[in-house]
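Structure record follows, encoded as structure tokens.
Chain letters run A, B, ... following the sequence lines, proteins first and then strands; every chain starts at 1.
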Amino acid sequence: AQSVTQLDSQVPVFEEAPVELRCNYSSSVSVYLFWYVQYPNQGLQLLLKYLSGSTLVKGINGFEAEFNKSQTSFHLRKPSVHISDTAEYFCAVLKGGYNKLIFGAGTRLAVHP
Amino acid sequence: ETGVTQSPTHLIKTRGQQVTLRCSSQSGHNTVSWYQQALGQGPQFIFQYYREEENGRGNFPPRFSGLQFPNYSSELNVNALELDDSALYLCASSFGQREETQYFGPGTRLLVL
């Protein structure tokens, strides 16, 4: 069975510092991987996705992620965060067959001035 | 191009009642998936509809049911509400059964008292 583990439930960081949000997945087959962001009292917004090809994926708002098959990881990074990046971030893997997303528990990114 | 919309935004019900949540998919999308997000957790897959047929179901009891209409909008119905049904209910639309990217609506927050 596929599963997603987000290794940090909370990540505090100062404004303009770099950040990495960690995500590991388990799967015995090819995977599609996603990062979504959820701002307070809102739905999920797609940040970026890995389907195939280059293992370094660039998304919106300056975020990027690297797919590492040998380590079964898909960590999200941003070189310099802003106060407005404060939100909940979810890593998800697509379960094939009928397009079911399996989400991690989320990482709360708190950016402080 | 309109995004995914959901109604109502908030809802309060009492235990044992029934509720219907609604979702309008993004223009051009024919697949709708429903997720339940309990407080502090990642979304959990409830079921998916493709061209008006249920196309996969998560680990939810039969009192969770749905419909998809010819215009691809969808309803989620929950009967015999329980306190644990209190959650944010998210609808996501995509194109095709195997389309990788799902686009989420803002969600309906349900509180069961």
Side-chain angles (χ1 to χ4, degrees), chain A residues 1-10 21-25 27 29-53 57 59-60 67 74 76 87-108 110, chain B residues 3-7 9-10 21 23-26 29-51 53-60 66 68 87-111:
Chain A
Q2 292 167 318
S3 67
V4 177
T5 303
Q6 292 187 241
L7 297 159
D8 307 292
S9 60
Q10 296 186 58
L21 307 183
R22 298 180 293 168
C23 173
N24 285 92
Y25 66 92
S27 174
V29 297
S30 298
V31 292
Y32 301 127
L33 294 156
F34 303 80
W35 276 98
Y36 285 88
V37 60
Q38 187 174 38
Y39 298 103
N41 300 312
Q42 293 188 27
L44 301 177
Q45 180 181 4
L46 180 68
L47 270 179
L48 49 78
K49 60 186 177 183
Y50 172 78
L51 307 179
S52 64
V57 179
I60 62 170
F67 170 62
F74 190 55
L76 181 70
E88 191 86 21
Y89 291 80
F90 292 96
C91 180
V93 62
L94 184 73
K95 177 179 171 62
Y98 52 90
N99 208 12
K100 164 187 173 181
L101 281 169
I102 298 170
F103 286 88
T107 296
R108 175 152 185 79
Chain B
V4 180
T5 60
Q6 292 184 244
S7 63
T9 55
H10 295 82
L21 311 182
C23 170
S24 292
S25 59
Q26 185 167 312
H29 287 178
N30 56 14
T31 303
V32 173
S33 303
W34 285 92
Y35 293 82
Q36 180 196 66
Q37 185 180 16
L39 199 61
Q41 297 181 25
Q44 300 288 318
F45 177 77
I46 303 175
F47 44 55
Q48 182 183 88
Y49 279 84
Y50 170 68
R51 292 186 175 178
E53 299 280 337
E54 187 177 294
N55 181 44
R57 188 177 184 90
N59 189 26
F60 281 81
Q68 187 179 33
L88 180 68
Y89 288 85
L90 295 163
C91 164
S93 76
S94 55
F95 180 74
Q97 284 180 285
R98 298 179 186 273
E99 165 61 33
E100 299 88 359
T101 305
Q102 298 182 20
Y103 296 91
F104 285 80
T108 293
R109 189 163 296 281
L110 172 64
L111 177 61

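The two atoms that bring B:Leu88 and A:Gln42 nearest to each other are CD2-O, 4.2 Å, heavy atoms only.
For A:Gln6, no part sits under 4.5 Å from any heavy atom of chain B, backbone or side chain. For A:Leu46, the part lying under 4.5 angstrom from a heavy atom of chain B is the side chain only. Residue B:Phe47 does not touch chain A at all, counting heavy-atom pairs closer than 4.5 Å. Contact annotation for B:Gln37: only side-chain heavy atoms (C-beta onward) come within less than 4.5 Å of a heavy atom of chain A.
We find the CG-OH distance between A:Leu44 and B:Tyr35 to be 9.5 Å, quoted to the nearest 0.5 Å. Distance check, rounded to the nearest 0.5 Å: NZ of A:Lys100 to CZ of B:Arg57 gives 12.0 Å. Residue A:Phe34 holds its CZ atom at 5.0 Å from OG1 of B:Thr101, rounded to the nearest 0.5 Å.
Atom CD1 of A:Ile60 has more than 12 neighbouring heavy atoms from other residues, nucleotides or ligands inside a 6.0 Å radius.
Applying the salt bridge (Lys or Arg N to Asp or Glu O under 4.0 Å) criterion to A:Arg22, with sequence neighbours excluded, gives A:Asp8.
No donor-acceptor pair closer than 3.5 Å links the side chain of A:Tyr36 to the backbone N or O of B:Phe104.
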